[in-house]
Participant: 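Take a look at this one; I'll ask things after.
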Amino acid sequence: KQGAAAAGGAAAEGTAQQLIKTLTNTACGLLSSASDDVDTWQAEALDQVLELWSDILFDVQMRSRMYPPNMAAMLSECCGMMFVAYVKNRMLMAEQEAKSGKERTEHFHDKDYLDEHLDDIAPIGRAAPAQSLQLMCTLLRERTQVITAAANHKSNNSLSSIDVVKLRVAQEQVFWILKILGHVMADPNEGETPMIPDSLVHLSNQTQGGGDPVVLAS
């Protein structure tokens, strides 16, 4: 009986891992197929996948003892991949929008929809906190350097048309970086003071010496 139970448990774990990999590949596939045209089906499919991932991560957090020990590491790795793909997708969309002047993300102009959407991507970023915060801080530093350089060129009357385009792209990307980072860094307040998520507190406590990624991202 014990052997049968162990075999059944191993089979269930293998099925769960395969499902996680499939959901990861689905999300990354949707995020890697950005184009100049808005695909409503693709946007809705991505929303559904992100919402499903948010539910999975919430369940794992609430019932961690019911999951295999290696599941947390696997989820962190998969979430890291998805978060990188998501951020790259948003940076690309922001660049395309800034260069063309064509709105590709009109649905994000609805603040409630935008907040709900980012509430679903936030747990994915928190599941791989070190990787996520490092990525966001690097991108923010690079884009602010572009903005600073453009400001210097403008003060020297040497701002070219190319600089203007780069500035427009950087500003659009900074908007997304700050919105994503804000949702990753704090839970939705809903009338209460926003709290720092446990995974970020744990990461900060584990950091030795300087360079705390949570502090740097704050």
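Numbers here simply count residues along the sequence, with the first being 1.
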Participant: Just so I know, are the side chains of Leu178 and Leu140 near enough to count as touching, which here means a heavy-atom distance under 4.5 Å?
Facilitator: yes

Participant: Check for a donor-acceptor pair, side chain of Glu51 on one end and backbone N or O of Asp120 on the other, with a separation under 3.5 Å.
Facilitator: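 No; zero donor-acceptor contacts below 3.5 Å.
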
Participant: Met185, Leu216: one ILVMFWY side-chain cluster at the under-4.5 Å cut-off?
Facilitator: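 They do not share one cluster, since no chain of ILVMFWY contacts under 4.5 Å joins Met185 to Leu216.
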
Participant: Using 0.5 Å steps for rounding, measure from the SG atom of Cys78 to the NZ atom of Lys21.
Facilitator: 8.0 Å

Participant: So Phe83 and Leu31, do their side chains get closer than 4.5 Å, heavy atoms only?
Facilitator: no

Participant: Does the Ser54 side chain pair with the main chain of Leu50, one donor and one acceptor, at a distance under 3.5 Å?
Facilitator: no

Participant: Please check if atom CZ in Phe58 has more than 12 non-hydrogen atoms from other residues, nucleotides or ligands closer than 6.0 Å.
Facilitator: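 Open.
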
Participant: May I ask whether Val84 and Ile121 are part of the same hydrophobic cluster, defined by side-chain heavy atoms of I, L, V, M, F, W, Y residues being less than 4.5 angstrom apart, directly or through others?
Facilitator: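 The answer is yes; both residues are in one hydrophobic cluster.
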
Participant: Distance-only, no hydrogens or angles: does the Asp163 side chain make a donor-acceptor pair with backbone N or O of Ser160 under 3.5 Å?
Facilitator: yes

Participant: Check whether Asn89 reaches the backbone of Ala85 with its side chain - one donor and one acceptor, N or O, closer than 3.5 Å.
Facilitator: no

Participant: Are Val146 and Leu167 in one and the same hydrophobic cluster, where Ile, Leu, Val, Met, Phe, Trp and Tyr link if side-chain heavy atoms are under 4.5 Å apart?
Facilitator: no

Participant: State whether the side chain of Thr26 and the backbone N or O of Thr22 hold a donor-acceptor pair below 3.5 Å, judged by distance alone.
Facilitator: yes

Participant: Would a single hydrophobic cluster contain both Val174 and Val169, if residues Ile, Leu, Val, Met, Phe, Trp and Tyr are joined by side-chain heavy-atom contacts under 4.5 Å?
Facilitator: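 Looking at the clustering, Val174 is in a separate group from Val169.
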
Participant: Of all the heavy-atom pairs spanning Pro129 and Ser199, show the shortest one and how long it is.
Facilitator: CG-O, 4.2 Å

Participant: Take atom CD1 of Ile196 as the centre, draw a 6.0 Å sphere, and report whether it contains more than 12 heavy atoms from other residues, nucleotides or ligands.
Facilitator: no

Participant: Can you find a heavy atom in the side chain of Ile124 that is under 4.5 Å from one in the side chain of Val184?
Facilitator: no

Participant: What do the steps show when you test Thr138 against Glu142 for side-chain contact (heavy atoms from CB on, under 4.5 Å), and what is the final call?
Facilitator: CA-CA 6 Å; Thr138 299; Glu142 292 173 350; 3.5 Å; yes

Participant: Checking side-chain contact (heavy atoms from CB on, under 4.5 Å) for the pair Tyr86/Leu30: CA distance, chi angles, key distance, verdict?
Facilitator: CA-CA 9 Å; Tyr86 178 85; Leu30 289 168; over 6 Å; no

Participant: Nearest 0.5 angstrom please: Leu92 CG to Trp176 CH2, how far?
Facilitator: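 It comes to 12.5 Å.
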
Participant: Just checking Asp198: does its CG atom have more than 12 heavy atoms from other residues, nucleotides or ligands closer to it than 6.0 angstrom?
Facilitator: no

Participant: Without swapping roles, check the side chain of Asp59 against the backbone of Asp55 for a donor-acceptor pair under 3.5 Å.
Facilitator: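 No, because the side chain of Asp59 does not come within donor-acceptor range (under 3.5 Å) of the backbone of Asp55.
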
Participant: Please round to the nearest 0.5 Å and tell me the distance separating atom CD1 of Ile147 and atom CD of Gln171.
Facilitator: 5.5 Å

Participant: Can you tell me if Gln134 has over 12 outside heavy atoms packed within less than 6.0 Å of its CD?
Facilitator: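 No.
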
Participant: Atom OG in Ser100, atom CD in Glu95: separation rounded to 0.5 Å?
Facilitator: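 Going from the OG atom of Ser100 to the CD atom of Glu95 covers 10.5 Å.
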
Participant: What's the separation between atom CG in Leu139 and atom CZ in Arg141, rounded to the nearest 0.5 Å?
Facilitator: 9.0 Å

Participant: Evaluate whether atom CD of Glu116 has more than 12 neighbouring non-hydrogen atoms of other residues, nucleotides or ligands under 6.0 angstrom away.
Facilitator: no

Participant: Is it true that Val165 and Phe175 fall in one hydrophobic cluster, defined by side-chain heavy atoms closer than 4.5 Å?
Facilitator: no

Participant: Are any side-chain N or O atoms of Arg168 and backbone N or O atoms of Glu97, one a donor and one an acceptor, separated by less than 3.5 Å?
Facilitator: no

Participant: Are Ile177 and Met91 close enough that some pair of their side-chain heavy atoms sits under 4.5 Å apart?
Facilitator: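 The answer is yes; the side chains approach within 4.5 Å.
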
Participant: Apply side-chain contact (heavy atoms from CB on, under 4.5 Å) to residues Glu172 and Met93 and explain how you reach the verdict.
Facilitator: CA-CA 9 Å; Glu172 190 70 24; Met93 291 180 63; over 6 Å; no

